[in-house]
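Counting starts at 1 for both ligands and their atoms, in listed order. A quick note: this is a predicted structure, and the numbers were derived from the prediction, not measured.
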Amino acid sequence: MAQETIFSKIIRREIPADIVFQDDKVTAFRDISPQAPTHILIIPNKLIPTINDITEQDETLLGHMMIVAAKIANQEGIDESGYRLIMNCNKDAGQEVFHIHMHLLGGKNLGRLIG
Ligand code: DGP
């Protein structure tokens with residue numbers, strides 16, 4: 001059994017978070033340590049620890065995360081100026097929370113992907 005993280009508590013609204021979107025499949029909330037004017041995390045309500053744990057059964061869910069990200073970018077007014085979606089996997093990518101999450105970053109020029 002995968003170990004729950006703080007993100008499960010955010011999904012269940014047991015701890016505070018600035019939730020900007022939630023449905024039966026995903027939850028989106030502002031990052032506690034924003035790296036850009038808009039920095040939102042989109043996560044599945046179901047616990048999947050890393051990208052390596054995604055299965056074909058999750059195909060629709062992952063597509064939904066992407067659609068929700070684009071809708072939130074529009075709500076935030078950054079769809080035309082541009083934004084970046086990032087998912088980190090394991091140590092070398094700096095994954096800190098082992099519940100997969102898509103970072104939605106925008107609201108400024110983000111520069112090159114890898115410095
Ligand atoms: P990563 O390095 O990809 O695992 O990113 C984890 C992100 O999660 C990091 O940008 C900070 C954010 N984060 C960690 N704990 C919390 C929390 O309790 N609340 C919120 N809103 N964000 C959190």
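When the options H101, K25, H99 are evaluated for a side chain to side chain contact (heavy atoms under 4.5 Å, CB included) with P44, the one that passes is H99. Screening N74, I72, D79 for a side chain to side chain contact (heavy atoms under 4.5 Å, CB included) involving E76 leaves a single residue, I72. Checking each of D58, I100, V26 against K46 for a side chain to side chain contact (heavy atoms under 4.5 Å, CB included) leaves exactly one that passes, namely D58.
In terms of protein heavy-atom proximity, atom 14 (C) of ligand 1 is closest to V97 CG2, 4.0 Å. Here the protein heavy atom with the shortest distance to atom 2 (O) of ligand 1 is G94 O, 2.9 Å. The nearest protein atom to atom 9 (C) of ligand 1, hydrogens excluded, is given as D31 OD2, 3.3 Å; this is a heavy-atom distance. Looking at atom 21 (N) of ligand 1, its nearest protein heavy atom turns out to be R30 O, 2.9 Å. Counting only heavy atoms of the protein, atom 4 (O) of ligand 1 lies nearest to E96 N, 2.6 Å. Taking atom 6 (C) of ligand 1 as the reference point, the nearest protein heavy-atom neighbour is H101 NE2, 3.5 Å.
Looking at Q35 against ligand 1, nothing comes within 4.0 Å, counting heavy atoms. No part of I86 comes within 4.0 Å of ligand 1, judged by heavy-atom distances. When non-hydrogen atoms are compared, ligand 1 lies under 4.0 Å from the backbone of I32 as well as from its side chain. Residue I15 does not touch ligand 1, judged by heavy-atom distances below 4.0 Å. Neither the backbone nor the side chain of M87 has a heavy atom within less than 4.0 Å of ligand 1.
Counting heavy atoms of neighbouring residues, nucleotides and ligands inside a 6.0 Å radius, atom CD of E14 exceeds 12 of them.
Near F29, the atoms of ligand 1 lying under 4.0 angstrom from a non-hydrogen atom of the residue are 20 (C), 21 (N). Interface of I10 with ligand 1, defined as ligand atoms under 4.0 Å from a residue heavy atom, comprises 19 (N).
A donor-acceptor distance shorter than 3.5 angstrom exists from the side chain of Q35 to the backbone of S33, with no hydrogens or angles considered. Checked by atom type and distance alone, the side chain of N45 pairs as donor or acceptor with a backbone atom of D24 at under 3.5 Å. Without hydrogens or angle criteria, Q95 side chain to P49 main chain gives a donor-acceptor distance under 3.5 Å. Side chain of E80 to main chain of G82: no donor-acceptor pair is present (N/O by atom type, distance under 3.5 Å, no hydrogens or angles). R84 contributes no side-chain N or O that, together with a main-chain N or O of H103, makes up a donor-acceptor pair within less than 3.5 Å.
Every heavy atom of F98 sits 4.0 Å or more from the atoms of ligand 1.
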